[in-house]
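Working notes, beginning with the structure itself.
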Protein chains: 2
Amino acid sequence: MNALFNCISQYHPISLSAWEALSKALTQVSIPRNSFLVQEGMVCNHLYFLEQGCLRGYYNLDGKEITYWFGFENHFITSFYSFISRKPGIENIQTLEDSTLWGISYEALNQLFDLHKDLERVVRIINEQYYIRLEERLMAMQFKTARERYEQLLESSPHILRRISLGQIASYLGISQETLSRIRSHV
Amino acid sequence: MNALFNCISQYHPISLSAWEALSKALTQVSIPRNSFLVQEGMVCNHLYFLEQGCLRGYYNLDGKEITYWFGFENHFITSFYSFISRKPGIENIQTLEDSTLWGISYEALNQLFDLHKDLERVVRIINEQYYIRLEERLMAMQFKTARERYEQLLESSPHILRRISLGQIASYLGISQETLSRIRSHV
DNA sequence: CCTTTCCTTTGACAATTGTCAAAAAGCAAA
DNA sequence: TTTGCTTTTTGACAATTGTCAAAGGAAAGG
């Protein structure tokens, strides 16, 4: 659980009492490769912190699996739309490696927000940072070519390429697997 | 200022004291068409609520203006990256019509967060909703054709088409003006 | 070690979209 | 109305990317 504490502290310090309360509300989840944390059609009731392993979020469109994010160590993971809106989502969250996470339920988290304002603050701040990242990704998607997006990914997250299959990376970049393969061979 | 109160209340109720404190911290800004609320290279120090009018956010890339959002009545407006990170941004925010906004400085907002926890909560909740919208936009950008994105825009925001020029809409959709013109003529 | 399965590459071709240039249309001020 | 400016449309062509199909490689399990 140290990793989570360190991760949170990087965003904003929290009080010891808030951390203790949070610790008590967390449940450890260990699941093998290729299992599902969240499946489409269900309400995602938990926010997770990924301590070890690797996941992807994807949904099905016209019979294809569309991967739109990857999660690695020290990332917060949830089906955001469903978790926030309390409605069933279209998203599946699948482990790509054996993974260990810490989870907290929506109810428990919101109870903690009432009791520990510094916890609510740090979550607000983390949300803001995740928003900025999403904004950057949208810009890249909107105004860069496939090759530029791939090169940007290479720079910012070289580890993705070692842990994720080509087809899934292509989907994440919004291009076909064949195109990515060709970009990669410098053609 | 009623519009702002109603808008906030739709997300989450706030106490009268929080509203009164917020009201006092707000400054009204009225600026004519084609003027700038934020310019690239500066730190955006304010969060705005757009009461009347219409704006766009854009940045310059290879000599082109890349529009990546529009703001209409009852939207919250800021150069999010710069406002949150306190660093100079690349974004310009320009009025497309004569506009009236209410603004609050970063410092004042954060002071209010310390004093009025329900205000921090409603901002957290608003952030979350804006995150969800951004996520939807990213999905559309990643996995839909230009035509589909245009048709989706027609459905969700028909008013955009009446108030914004074609070139700017095309930029927002991530396509060239000529392509959008051809899509529009049903070719 | 072999088999089976999955992942990646390659080829051929089609569809989409971009770029450049020019014409047409719309709009506002004189 | 005319003039001048901006926006939108159209044409021709090039570049990018997608699709389908097949072949080559890598990896996992028996």
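Numbered from 1 within each chain, the chains take letters A, B, ... in sequence-line order.
The side chain of Arg147(B) contributes no N or O atom lying less than 4.0 Å from OP1 or OP2 of dT16(C). Contact annotation: Ser181(A) side-chain N/O to dT10(C) OP1/OP2 distance is not under 4.0 Å.
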Between the protein and nucleotides 18-27 of chain C, list the N/O to N/O atom pairs that are separated by less than 3.5 angstrom.
{"from": "dG18(C)", "atom 1": "OP1", "to": "Ser176(B)", "atom 2": "N", "distance (Å)": "3.4"}
{"from": "dG18(C)", "atom 1": "OP2", "to": "Ser176(B)", "atom 2": "N", "distance (Å)": "3.0"}
{"from": "dG18(C)", "atom 1": "OP2", "to": "Ser176(B)", "atom 2": "OG", "distance (Å)": "3.2"}
{"from": "dG18(C)", "atom 1": "OP2", "to": "Thr179(B)", "atom 2": "OG1", "distance (Å)": "2.6"}
{"from": "dC20(C)", "atom 1": "N4", "to": "Glu178(B)", "atom 2": "OE2", "distance (Å)": "3.1"}

Interface polar pairs with nucleotides 26-30 of chain D, N/O, under 3.5 angstrom:
none

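The backbone N or O of Leu173(A) sits less than 3.5 Å from a side-chain atom of Arg149(A), completing a donor-acceptor pair. Arg56(B) contributes no side-chain N or O that, together with a main-chain N or O of Asn92(B), makes up a donor-acceptor pair within less than 3.5 Å. Under the 3.5 Å distance criterion, the side-chain polar atoms of Thr179(A) are left unmatched by any main-chain donor or acceptor of Ile175(A). Judged by distance alone, the side chain of Arg33(B) and the main-chain N or O of Asp98(B) form no donor-acceptor pair under 3.5 Å. Ser82(B) places no side-chain N or O within 3.5 Å of a backbone atom of Ser79(B) that could act as its donor or acceptor partner. At least one donor-acceptor pair under 3.5 Å links the side chain of Ser156(A) to the backbone N or O of Gln152(A). A donor-acceptor distance shorter than 3.5 angstrom exists from the side chain of Thr95(A) to the backbone of Asn34(A), with no hydrogens or angles considered. No donor-acceptor distance shorter than 3.5 angstrom exists from the side chain of Ser181(A) to the backbone of Gln177(A), with no hydrogens or angles considered. Glu73(A) places a side-chain N or O within 3.5 Å of a backbone atom of Gly53(A) that can act as its donor or acceptor partner.
Residues from residues 137-145 of chain A that place a heavy atom under 4.0 Å from any atom of DNA chain C: there are none. Scanning residues 152-173 of chain A for heavy-atom distances under 4.0 Å to DNA chain D yields an empty list.
Here Asp118(A) pairs with Ser15(A) under the side chain to side chain donor-acceptor pair (under 3.5 Å) rule; sequence neighbours left out.
Remark: of the listed residues Trp69(B), Tyr150(B), Phe70(B), Phe70(B) is the sole one forming a ring-ring contact (aromatic ring centres under 6.0 Å, His included) with Tyr172(B).
Ion pairing of Arg147(B) with Glu151(B) is present here, as a side-chain N (NZ or NE/NH1/NH2) and a carboxylate O approach within less than 4.0 Å. Ionic pairing of Arg124(B) and Glu128(B) is present here: one or more N-O contacts between side-chain nitrogen and carboxylate oxygen are shorter than 4.0 angstrom.
Atoms CD (Glu148(B)) and C1' (dT17(C)) sit 14 Å apart, rounded to a whole Å. With rounding to whole Å, Leu96(B) atom CG is found 16 Å from dT6(D) atom P. Between the P atom of dT10(C) and the CD1 atom of Ile183(A) lies a distance of 14 Å, rounded to the nearest Å.
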Check step by step if side-chain contact (heavy atoms from CB on, under 4.5 Å) holds for Asn45(A) and Arg86(A). CA-CA 8 Å; Asn45(A) 207 35; Arg86(A) 318 304 301 140; 2.3 Å; yes
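Each end of the helix from dC1(C)-dG30(D) to dA30(C)-dT1(D) gets its own axis, taken as the rotation carrying the C1' atoms of four end pairs onto the next four within a five-pair window, and the two axes meet at 50° to the nearest 10 degrees.
Scanning all heavy atoms of the two residues, the minimum distance from Glu148(B) to Thr145(B) falls at OE1-N, 2.9 Å.
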